[in-house]
Amino acid sequence: MSELVAQLIWNGLVTGALIALVALGLTLIYGVAGFIQFAHGEMVALGAYAFMIFHKLLHWEILPAALAAVTVGVVVGLIIEKLFFRPVREHDPMIPLVLSIGLSIGLQALILIFFGPNILTISDRSFHSLSIFGKKILATPSQIWAIFLSFVLMGGLILFLKKTKIGKYLRAVASNRSVAEVFGMSTDHAMQWIFGIGVGLAVIAGIFLGFEQNLEPLMGVHMSVKAFSAVVLGAVGSVRGAILGAFLIGLAESLLVGLSIIPSGFSAAIPFVILIGMLLVRPEGLFGRRFENLRR
Amino acid sequence: MKKILLGLGLSLFLFGCESATQNTPSSEEEVLRIGAVNPLTGEATAYGDQTMNITNMVVEEINNTGGINGKKIEIIWEDGKCTGKDGSLAAQKLINVDKVNIMLVSCSMEVLGVAPITENREVLVFSTLATNPSIRDAGDFVFRSTPSDSSQGQVLAEYADAHFPKIGIISEQTDYAIGVTDTFVKHFNGEVLREDFLSSESDFKTRITKLKNSGVDALFLSPQTPTKFEILIKQLQEQNWDKPILVNDAGAGDLTVVRKYPEFLTNVELVGANFIAPSGPELDALLEKYQTKYGTDPRYISYAASTADGIHMLAQALETVDDVSDTHKIRDALYNIKDFHGLLGILSIDDHGEVNITHSLFRFDGENFVPLEE
């Protein structure tokens, strides 16, 4: 494999790992709550800015600053669920969806008010790139950590949902909320878990994104657009689908542009082209149940 | 009784209205109202905030020294968001509601959106920020104190032509950045590998990897804002980029970004185009005044100078006309501005409403941009 292809695959994996962390939150929230949370991208930005405050302004070390940022993100996620989404949960799904769009715009405005429109760096430290895999690939320490941690978190999440009592309980609520409630399972409780986990993952993605691309108020929006495409590509509500969709988008962006298969100006359109193609061929997504089976 | 009270109330109301209308002309006589369309929200506030601050600072100085023939200038700010659509909405409001006949319009897109409306209504437009080449022919009532982007594309291409046979380009897909890039490509005779990106993109790893493996001799960056320039520089450093870098004035006009990467940028050599040397006694005085008033340095020194010069040129033109409500007279006075001593140099306005300044090349020495000596 040439150095160029190896580097492009690595770049695609890094992008895919970050998209996957955001897409997992989106798909989990949809699975349990039944609507797409459009303000999820702002949780990515919130995480990055919170980390910047703890690490750069308050001079905390990276690990405690990251833990503090995740804690802040989870608390904000829980508050948002309780204040905004819980009161409208039983209404038509269009209402929480529109509410989430409003929330997204409001949170963007808050970031602009508090931090301004200018780009901010997440850390004063500079990290030198490392040559890995027989010096074929150039990677920053944050990229290596992003890949490692996202795989650990993705694997951990799948095991958590399959093996633990709370995971089974969340899947039961996602599968059939009414029946789960009859068996004494609280939807409120499940929603709090899902928002906590989803926002926590988005915050971690935000921190790595901050190291990769610095901070800007709309950083979460751009990432959530890709994550949304990944979720639909893999099948809305499917954890494995979101992960596979994210890596497909990350690798496609990197390889198609890097190998000059398509002009670089069309790079941003790649997730949507894949998405449209998928919807035409297999509208239920990669891991979705076929509509014919569902109808029977 | 009710009718008497109603009649009394109506009389008082009408009297109040009459008093108000009688007061308005006298207050208007003392104030010259100028509209301003400027990005007050969104990413472009990086430019908008500075333009508003410098304008307010210069207007305050003019007002404190007697105003325009005894009239104080009052600026009415509206948000154009650096887009043609929002710019034209803001202009409609300023013309129809605030009844202004002079307008400061900041971004290129705002000017190009506003010009068809203002030309039709014979409202005078003055920009201290817009650089798009199309503005040259935007209208008879449109003026600016900034040079056209075509000059920087050309000067950068001539330098690249003399030093590099093959050049890579990473260019943002906006009117400003594409304008500079297209002029560069037009004047550069060597081989070009061009990579474009949308403003919503922030991940350039793939494009950098591709250009690094293509054997280019140098890289030309054409971002719209210093925000994108910084992301590009950061990712170039992470990808161990080791060839010279050229940049438009979105990158070369801002010291905050380059000062974060002094070692990397001096090792690879960064050459940028700009239309003002970054220091000088008069410019330093302006920057110091700004620092004292706003507690921060202006980010875009060249545009700080073009804004200050633009407001002073407009004030000079207004002082020479006997009727500031006649935009034909103000327009003619602006066309007659010759040999104006400004921060940007000795300025004259040509018959397209443009100032006679062009871009030069500067090299980053690890601390400042210094004139490139060859």
Side-chain angles (χ1 to χ4, degrees), chain A residues 2-12 14-15 18 108-109 112-113 116-122 124 126-131 137-143 209 211-219 221-223 225-226 250 253-260 263-269, chain B residues 39-50 82 168-173 178 193-214 223 225-241 254 256-257 260-264 296 299:
Chain A
S2 75
E3 283 182 21
L4 172 65
V5 175
Q7 185 68 52
L8 291 174
I9 290 174
W10 175 259
N11 293 349
V14 173
T15 308
L18 297 184
Q108 283 168 30
L112 270 169
I113 290 167
N118 294 328
I119 191 166
L120 300 172
T121 47
I122 202 164
D124 284 333
S126 61
F127 300 96
H128 289 287
S129 297
L130 310 165
S131 294
I137 294 170
L138 209 56
T140 61
S142 75
Q143 288 175 348
L209 199 63
F211 275 106
E212 278 286 284
Q213 302 170 11
N214 291 346
L215 313 186
E216 54 170 333
L218 296 181
M219 61 188 288
V221 181
H222 307 148
M223 181 50 87
V225 169
K226 290 181 186 178
E253 269 190 356
S254 183
L255 290 168
L256 292 176
V257 172
L259 298 175
S260 301
S264 57
F266 291 99
S267 165
Chain B
L40 302 178
T41 56
E43 196 176 289
T45 45
Y47 294 108
D49 286 350
Q50 176 183 305
C82 219
I169 297 176
I170 301 183
S171 173
E172 194 164 345
Q173 288 181 321
I178 283 179
L193 286 175
R194 180 171 172 168
E195 298 286 321
D196 289 340
F197 68 91
L198 292 177
S199 300
S200 58
E201 293 180 75
S202 296
D203 184 356
F204 308 112
K205 293 190 295 285
T206 297
R207 291 172 175 88
I208 294 167
T209 305
K210 187 177 166 185
L211 290 173
K212 209 176 152 193
N213 281 272
S214 66
T225 58
T227 306
K228 280 289 179 292
F229 176 57
E230 176 160 6
I231 298 172
L232 279 161
I233 291 296
K234 177 182 159 61
Q235 293 181 17
L236 281 163
Q237 185 190 30
E238 285 172 358
Q239 298 279 314
N240 287 356
W241 183 266
D254 174 43
T256 23
V257 172
K260 288 181 190 168
Y261 305 89
E263 200 185 328
F264 169 65
T296 177
R299 279 192 74 175

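Each chain gets a letter, A, B and so on, in the order the sequences are listed, and its residues count up from 1. The structure presented is a predicted model; accordingly, all values stated were derived computationally and were not measured. Side chains are part of it too, since the values below use all heavy atoms of this structure and drop only hydrogens, waters and symmetry mates.
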Answer yes or no: is there a side-chain heavy-atom contact under 4.5 Å between A/Glu216 and B/Lys228? yes
Considering only heavy atoms, which portion of B/Glu195 lies under 4.5 Å from any heavy atom of chain A: side chain, backbone, both, or neither? both
Residue part contacting chain B, namely of A/Gln143, when any heavy atom lies under 4.5 Å: side chain
Gap between atom OG1 of B/Thr206 and atom CH2 of A/Trp10 - 0.5 Å precision: 13.5 Å
Looking only at B/Glu201, B/Lys234, B/Arg194, most heavy-atom pairs under 4.5 Å shared with chain A are made by B/Lys234
In terms of heavy-atom contacts, B/Asp196 and A/Ser264 come closest through N-OG, 2.9 Å
Comparing A/Ala139, A/Pro263, A/Ser260 against chain B, the one with the most heavy-atom pairs below 4.5 Å turns out to be A/Ser260
Between the CG atom in A/Asn214 and the OG atom in B/Ser202, the distance rounded to the nearest 0.5 Å is 9.0 Å
Closest contact, heavy atoms only, A/Gln213 versus B/Asp203: NE2-CB, 3.4 Å
Sequence neighbours excluded, which residues qualify as salt bridge (Lys or Arg N to Asp or Glu O under 4.0 Å) partners of B/Lys212? none
In this structure, OG1 of A/Thr140 is separated from CD of B/Gln237 (nearest 0.5 Å) by 11.0 Å
Just so I understand: if I count every heavy-atom pair under 4.5 Å between each of B/Ile170, B/Asn213, B/Thr256, B/Asp49 and chain A, which residue has the most? B/Asn213
Using non-hydrogen atoms only, which part of B/Gln173 is less than 4.5 Å away from chain A: side chain, backbone, both, or neither? side chain
Nearest-0.5 Å distance, CD1 of residue B/Ile231 to CG of residue A/Leu215: 9.5 Å
So which of A/Gln108, A/Glu212, A/Met223 has the biggest tally of heavy-atom pairs under 4.5 Å with chain B? A/Glu212
Would you compute the distance between atom CZ of B/Arg207 and atom CG of A/Asn11 and round it to the nearest 0.5 angstrom? 11.5 Å
Quick one: does any side-chain atom of B/Lys205 pair with a main-chain N or O of A/Gln7 as donor and acceptor, under 3.5 Å? no
Heavy-atom contact with chain A under 4.5 Å, split by part of B/Phe204: neither
For A/Val257 versus B/Lys210, what's the shortest heavy-atom pair and its separation? O-NZ, 3.1 Å
